[in-house]
Amino acid sequence: MSEIRDVAIDLGNVHTEHMKLNVGPQHPSTHGVLRLMVELEGEIVVDVVPHIGYLHRCFEKVCEQNTYTQIVPYVDRMDYVNSMNNELPYVIGVEKLLGITVSERIEAIRVICAELDRIASHEIAVATFGMDAGAFTPFLYLFRDREKILWVLEKLSGSRLLYNYIRIGGLMRDVYPTFKDDLRDIIKTVRETNAEINNLLNDNKIFVERCANIGILPPDVAINYGASGPMLRASGVRHDLRRVDPYSIYNKLDFEVCVGTGTMGTVGDSWDRNWVRMLEMEQSLRIIEQAMEMITDSSEDVRAGIPKRIAPKGELYSRAENPKGELGFYIVGDGKAKPQRVKGRSPCYVNLSIIPEISKGYMFADLIIILGSIDIVLGEIDR
Amino acid sequence: MESNFILELLGNNIWAYLITAAIPLVFVVVYALVAILGELKIASWVQDRLGPMRTGPWGIIQPVAEVVKLLQKEDITPRNANKPLFNTAPFVVFTGSFAAFAVIPYSSKFIPADINLGVFYIFAVSSFTVIAILMGGWASNNKYSVLGAVRSASQMISYEIPTSLSIIAIAALSNTLSVSGIINSQSGWFWNWNLLGGQGSAIKYLFIPFLLVLFIVYFVGSLAEANRTPFDIPEGESEIVGGYHTEYSSMKFAMFYFAEYANMYVVSAMITIMFLGGWNSPFGDFMNSPIWQAFWFIAKAMSFVFVQLWLRWTLPRVRVDQLMHICWKVMLPAAFVSLIGISLLGVIK
């Protein structure tokens, strides 16, 4: 073993190889069960290939086996941190197929629920984004606040995450008497905490250095890929379905469409995507404040409008502004109690497809930041 | 040996030396338990929660429970790991951290080994940790571990340069590298501390900016050397899972954990020795008996351990290239300029 050999080193022939790194599905920063095949040159990302499907639950096929009402709780399970916003486009779509309308009071309650869940979803997005950058404390501050929102939604619907609250033609039940007080409490807390999060995280020099100019998504690329939601708006495109294609009572409400302005770096970088979410939380609070005034105490039965027989005929694409982007359902009904086809258009799925485009050339640590800034939920991507 | 009361009491025999060696070991174990509890509790107070509350009153037995839990865990060696290196690394890392305790004083009557190159010795043996981390990361046969180990090696070696410059400056100020020598040169009231220019005439106050720069350089550098936030890139959880200790479990993992906490105390003790008057009471001879000196020293060092914990739960993590930028382009020039300034002060004195 111990013989001495002359090893000829030909320096002209030294070659380096790219390292293939398997990120996930059990990786702390993939936000679920996503697998990224990353090709690294040292620490520089050369290529990223996202592999999905670990959470596939045959959503579209199951919908063909269930009645229209039974699909509502299944829609909840798509983007499980944000169920109210999932129910809204589906229910609106079926209502349009059936040709029924609901009262403004019910719409206001729906909008409040959707906006509450939007805040909860953005809070998770900002919290986990901070954690990807290594800041642990804002995560817990935001989760503490999110808990308050979940309590209110639990009081409304009886469950913490998967509400099954918005029904075709109405609601599961009416709001409880102290609902408005709870909302005012939430509005106050969320504003206070968001100011604190801006101090602690968003204006933090280290955090800005980590996120600004990282993963820049130019507006034309964003549009070509079909990105939507904060991802698109951060690139400076003023596109919000609540304004562009108003549904429910959004055309009666006063709120701004927040876009990225490149405050800390370039328009469309990771910092902008995060910042758009922070701004949207404030707009959601404004929407809640206005919609609260529309809930007048009345003796209206919110279940009265729920049709006895739901068997629409026709097909329709119904879409709504989810916190992650445009969530759409293409519903085909053939006059039976079960839909012939329900196709879900997942915003996260489309947004995730941009990651190979915007993460090449950055460092591996930046890839995690970019992934965090996209804000994906694998339940919706895999469906 | 006037700096070691055990040798004075028991004479110059093997038992006295064994006891001298045992006291730091006991101290490290107790300190690690306190620091783990401190980490848990400070994290929870920062984050507006209670932290462990069930294990004993206010959860004070929690660190014991954690150590017992780690002992019970299965000791896994990955099949394709390089077994000798993989199994040796945790012991080397702990040796590196614990060896520094040989010269860390407690009071003027108890310095386990009062060698005349004390500060240099601490600095030298602390570098052991790099070898161990590289060993562990490489032997794990895991890409994340290798990334963590390589990052760690480059980080720790880079940051040794600015920190060593600040050590050189202090040596120039105190004319010695001996721990007791440096501390004795700062005796008296707190304005004699090296942070405020050491002993000497009023002209020393002109040099306080340099010393402040050196202090900050040393503190930031020590954070990087102990792999603490915002420089915890080698074990950056969100990127490379656990870095070099991804594959370790059970007591071997606990060794890495222990070593990290021991390292935190070592760097804090170094700050105390070099800048904050070591065991000296801030108030001259008031409360300056050997027992009080132990109190002052540990209190000063622990307050820096606290600052490290506090920073950890407040700041995000920097990126590798930013880390190198801070080291080579910010801290190194600042340390050089300050070193020249301090040398001038040394000449004037």
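The chains referred to below are lettered A, B, ... by the order of the sequence lines, with proteins before strands, and numbering in each begins at 1.
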Residue-level interface, residues 74-90 of chain B with chain A, non-hydrogen cut-off under 4.5 Å: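 Heavy-atom contacts from residues 74-90 of chain B to chain A are absent.
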
State plainly whether the residues [X] and [Y] are in salt-bridge range, i.e. N to O under 4.0 Å.
| X | Y | value |
| --- | --- | --- |
| K188(A) | D185(A) | no |
| E39(B) | R312(B) | yes |
| E196(A) | R191(A) | no |

Option that, when pairs with chain B are counted at under 4.5 Å, heavy atom only, ranks first among D366(A), L201(A), L200(A):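 When all of D366(A), L201(A), L200(A) are compared, D366(A) has the most.
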
Which atoms of [X] come close to chain B, meaning under 4.5 Å heavy atom to heavy atom: side chain ones, backbone ones, both, or neither?
| X | result |
| --- | --- |
| I214(A) | side chain |
| Y141(A) | side chain |
| E43(A) | side chain |

Would you find a donor on one side and an acceptor on the other, under 3.5 Å apart, between the side chain of [X] and the backbone of [Y]?
| X | Y | answer |
| --- | --- | --- |
| R146(A) | I119(A) | no |
| R151(B) | V320(B) | no |
| N213(A) | T266(A) | yes |

Trace of the salt bridge (Lys or Arg N to Asp or Glu O under 4.0 Å) decision for E282(A) with R277(A): CA-CA 9 Å; E282(A) 173 59 31; R277(A) 293 197 180 95; over 6 Å; no

Y261(B)-Y265(B) aromatic ring centre distance below 6.0 Å: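 No.
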
Q322(B) versus chain A, the contacting section by heavy-atom distance below 4.5 Å: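 Q322(B) touches chain A through side-chain heavy atoms alone.
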
